[in-house]
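Please read the structure below before turning to the comments.
The basis for the numbers below is simple: all heavy atoms, side chains too, and nothing from hydrogens, waters or symmetry mates. For reference, positions follow the sequence shown, starting with 1.
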Amino acid sequence: AAPAGPAGPRAVGLMPVAAHATALYLHTAGSWIHAQIAGLQRYQPLVLAQDTANLDQFPVPALVSAAAWPAPQRLANRLVRRVWGQYPFYGGLLRRHQAALLHAHFGYEGARCLAARRGGRVPLLTSFYGADATQYARRPEWLRRYRRLFAVGEAFLVEGTAMRAQLVAIGCPPDRIRIHHLGVDLERIVWRERHRGPRVRFLICAGLKEKKGIPWALRALAAAQTEHPHPFELVVVGDGPDRGALEHLVAQLGLGPHTRFLGMVPYAEALGHLDRADILLQTSVTAVDGDTEGGAPVVLLDAQAAGLLVVATRHADIPEYVVDGHGGLLADERDVAGLAACIRRLITEPERWPAMSRAGRAHVAAQYNAAVQAGRLEALYDEFAKPPGQSRAD
């Protein structure tokens with residue numbers, strides 16, 4: 001059946017085209033980008049990428065990948081991208097597909113799409129998510145490029161108030177920033193009310209790098225076990241440069257017999273681990289190089305949607321994702337004692353688990369339902385989309 005909008009069913013060919021730019025479509029952990037594309041009902045999505053991966057996990061109806069172009073075009077694309085920092089052929093693609101707008105995912109992708117905006121004569125909306133607004137903005141070259149983007153881009157989407165403040169701090173016009181919550185697929189994520197069993201099952205699902213703050217979670221778990229021993233297991237899903245150091249720390253803390261490192265897994269398998277776990281540990285910190293979550297890790301939404309309890313830090317927009325005392329408990333960054341107290345409180349107060357499990361799911365359903373958020377994204381598109389047959393002038 002044709003997707004239905006407010007005016008009823010429409011033929012797909014008559015729907016406006018929303019182009020989406022992301023360098024790689026799509027990282028294993030990119031379900032939150034896919035949700036924004038797959039959930040569209042009144043706009044035809046067209047993905048523009050430099051390369052592809054995991055298409056079986058994240059299918060889309062229309063995709064153009066530079067990696068599939070003829071060799072001369074690939075070479076020209078690579079040279080222009082390296083020297084000029086722009087995608088030279090996207091403008092023509094936007095005109096050919098009569099795109100109504102271009103939505104760039106990540107700030108650095110928006111900066112690479114300025115020529116495409118001009119050549120395609122379309123409005124440009126850019127979503128900032130994390131390191132693109134923090135770590136990248138500390139580099140003078142990227143800050144200059146962002147300021148060019150801020151000068152002409154029509155709108156900038158962020159996950160919450162902390163990310164909004166960060167964009168303002170690096171020069172983005174406040175009146176062009178929109179807070180738009182990401183969404184998770186509540187039909188795909190099965191909710192299960194949590195009750196403490198004889199063994200508490202902890203889960204860490206994150207890239208193994210500094211800003212995820214995993215050493216603090218491990219130290220807090222070890223401290224909580226010392227203060228209040230209770231049978232437990234810990235599963236670590238994800239990979240990254242810190243894996244070796246984290247495995248060493250697990251052994252040093254005496255957590256080795258209870259801990260499994262699984263590496264990267266497909267999204268469907270990650271959902272299975274969410275279903276089996278009781279408590280998600282997400283203790284993010286600001287890294288030495290300035291990298292932060294910017295917004296917040298979407299796994300916090302996935303976890304609460306599945307019914308898990310959460311122990312996390314007051315970092316970036318995490319306090320908007322996790323309401324302290326409802327779906328989870330929060331402590332300050334790098335506060336081992338505070339995080340251990342949160343873990344100990346959950347272990348020793350099992351009567352709170354069912355209500356917290358329900359509260360987390362209700363919060364996600366109210367604020368981060370992918371189906372609802374897709375409609376809100378389309379309402380933003382309606383504000384900026386180029387009318388059919390017209391050009392968008394600078």
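In terms of modelled atom types and a separation under 3.5 Å, the side chain of Thr292 and the main chain of Thr286 share no donor-acceptor contact. For the pair Arg201 (side chain) and Val235 (backbone), a donor-acceptor distance under 3.5 Å is absent. A donor-acceptor pair under 3.5 Å is absent between the side-chain atoms of Arg112 and the main chain of Ala21, judged by distance alone. In this structure a side-chain-to-backbone donor-acceptor pair under 3.5 Å is missing from Asp239 to Leu208. Side-chain N or O atoms of Glu378 include one that pairs as donor or acceptor with a backbone N or O of Arg42 at under 3.5 Å. Not one N or O on the side chain of His326 forms a donor-acceptor pair closer than 3.5 Å with the backbone of Ala359. Formation of a donor-acceptor pair under 3.5 Å by the Arg118 side chain with backbone atoms of Gly91 is not found in this model. Not one N or O on the side chain of Gln304 forms a donor-acceptor pair closer than 3.5 Å with the backbone of Ser357. Counting only distance, with no hydrogens or angles, the side chain of Glu210 and the backbone of Val288 share a donor-acceptor pair below 3.5 Å. For His315 (side chain) and Glu333 (main-chain N/O), no donor-acceptor pair under 3.5 Å exists by modelled atom type.
Within the model, atoms CD of Gln44 and CG of Leu14 stand 8.5 Å from one another, a figure rounded to the nearest 0.5 Å. Atom CZ of Phe261 sits about 7.0 Å away from atom CZ of Arg243, to the nearest 0.5 Å. Taking CG of Leu346 as the reference point, atom OG1 of Thr348 lies at 8.0 Å (rounded to 0.5 Å). Here the CD1-CG distance, from Ile177 to Leu167, works out to 5.0 Å after rounding to the nearest 0.5 Å. Separation of atoms NE2 (His273) and CG (Leu203) is listed at 8.0 Å; rounding is to 0.5 Å. A distance of 11.0 Å separates CG of Leu255 from CZ of Arg219, quoted to the nearest 0.5 Å.
The hydrophobic clustering, which links ILVMFWY residues whose side-chain heavy atoms are closer than 4.5 Å, places Val298 and Leu271 together. Hydrophobic clustering (side-chain heavy atoms under 4.5 Å, transitive across Ile, Leu, Val, Met, Phe, Trp, Tyr) keeps Ile343 apart from Leu308. Both Leu329 and Leu339 are assigned to one and the same hydrophobic cluster, defined by single-linkage of ILVMFWY side chains at heavy-atom distances under 4.5 Å. When the side chains of ILVMFWY residues are joined at heavy-atom separations under 4.5 Å, either directly or via intervening members, Val336 and Leu234 end up in a single hydrophobic cluster. Both Val311 and Val250 are members of a single hydrophobic cluster when ILVMFWY side chains are connected at heavy-atom separations under 4.5 Å.
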Show your reasoning for whether side-chain contact (heavy atoms from CB on, under 4.5 Å) applies to Asp278 and Leu309. CA-CA 6 Å; Asp278 298 314; Leu309 315 183; over 6 Å; no
Full working for side-chain contact (heavy atoms from CB on, under 4.5 Å) between Arg358 and Trp191: CA-CA 9 Å; Arg358 293 192 297 271; Trp191 176 79; 3.7 Å; yes
Derivation of the side-chain contact (heavy atoms from CB on, under 4.5 Å) call for Gln135 and Lys211: CA-CA 11 Å; Gln135 184 182 18; Lys211 75 174 178 182; over 6 Å; no
Going through the checks in order, is the side-chain contact (heavy atoms from CB on, under 4.5 Å) test met by Leu157 and Leu380? CA-CA 10 Å; Leu157 280 54; Leu380 280 173; 4.1 Å; yes
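Side-chain atoms of Tyr368 and Asp302 include no donor-acceptor pair closer than 3.5 Å.
Applying the salt bridge (charged side-chain N to carboxylate O under 4.0 Å, His left out) definition to pairs two or more places apart or across chains, none involves residues 16-39. Among residues at least two apart or in separate chains, there is no side-chain hydrogen bond (donor to acceptor under 3.5 Å, both in side chains) pair with a member in residues 255-266.
Checked against Tyr146 for a ring-ring contact (aromatic ring centres under 6.0 Å, His included), the options Tyr136, Phe156, Phe128 give a single hit: Phe128. Residue Glu154 forms a salt bridge (charged side-chain N to carboxylate O under 4.0 Å, His left out) with just one option from Arg178, Lys386, Arg176, Arg117, and that option is Arg117. Residue His20 forms a side chain to side chain contact (heavy atoms under 4.5 Å, CB included) with just one option from Ile33, Leu48, Leu40, Leu102, and that option is Leu40.
By the 30° and 60° cut-offs, the orientation of the rings of Tyr381 relative to Tyr43 is perpendicular. By the 30° and 60° cut-offs, the orientation of the rings of Trp69 relative to Tyr90 is perpendicular.
Counting heavy atoms from C-beta on, the side chains of Phe232 and Leu221 come closer than 4.5 Å. The shortest side-chain heavy-atom distance between Leu281 and Trp216 does not fall under the 4.5 Å cut-off. When side chains are defined from C-beta on, Gln373 does not count as touching Leu182, because their heavy atoms never get closer than 4.5 Å. Side-chain contact between Ser31 and Val184 is absent, with no heavy atoms from C-beta onward closer than 4.5 Å. Two residues are said to be in side-chain contact when any heavy atoms from C-beta on lie closer than 4.5 Å; Glu141 and Arg144 meet this criterion. Here the side chains of His103 and Ile37 are not in contact, with every heavy-atom distance at 4.5 Å or above. Contact check for Cys205 versus Leu274: no side-chain heavy atoms found under the 4.5 Å cut-off. Taking 4.5 Å as the limit, some side-chain heavy atom of Ile170 sits within range of a side-chain heavy atom of Phe150.
Aromatic rings from His181 and Tyr321 are positioned such that their centres are separated by 6.0 Å or more.
Smallest separation of non-hydrogen atoms from Ala305 and Leu186: CB-CD2, 3.7 Å. What you find for Glu159 and Glu320 is that their closest heavy atoms are O-OE1, 4.3 Å. Heavy atoms only, all atoms of each residue included: Leu124 and Gly110 are closest at CD2-O, 3.8 Å. Here the shortest heavy-atom pairing between Ala116 and Leu94 reads O-CD1, 3.5 Å. A pairwise comparison of heavy atoms in His195 and Glu193 identifies NE2-OE2, 2.8 Å as the closest pair. Nearest heavy atom pair, residue Pro319 against residue Leu330, reads CA-CD1, 3.9 Å.
Contact check on Arg192 versus Asp275 returns a salt bridge, with a Lys/Arg side-chain nitrogen under 4.0 Å from an Asp/Glu carboxylate oxygen. The pair Lys212-Glu293 counts as a salt bridge, with a side-chain nitrogen and a carboxylate oxygen less than 4.0 angstrom apart. Glu233 and Arg276 are not joined by a salt bridge, as no carboxylate oxygen comes within less than 4.0 angstrom of a charged side-chain nitrogen. Under 4.0 Å is where a charged nitrogen must lie from a carboxylate oxygen, and between Asp291 and Lys209 no such pair does.
Counting non-hydrogen atoms of neighbouring residues, nucleotides and ligands closer than 6.0 angstrom, the CD atom of Glu187 reaches no more than 12 such neighbours.
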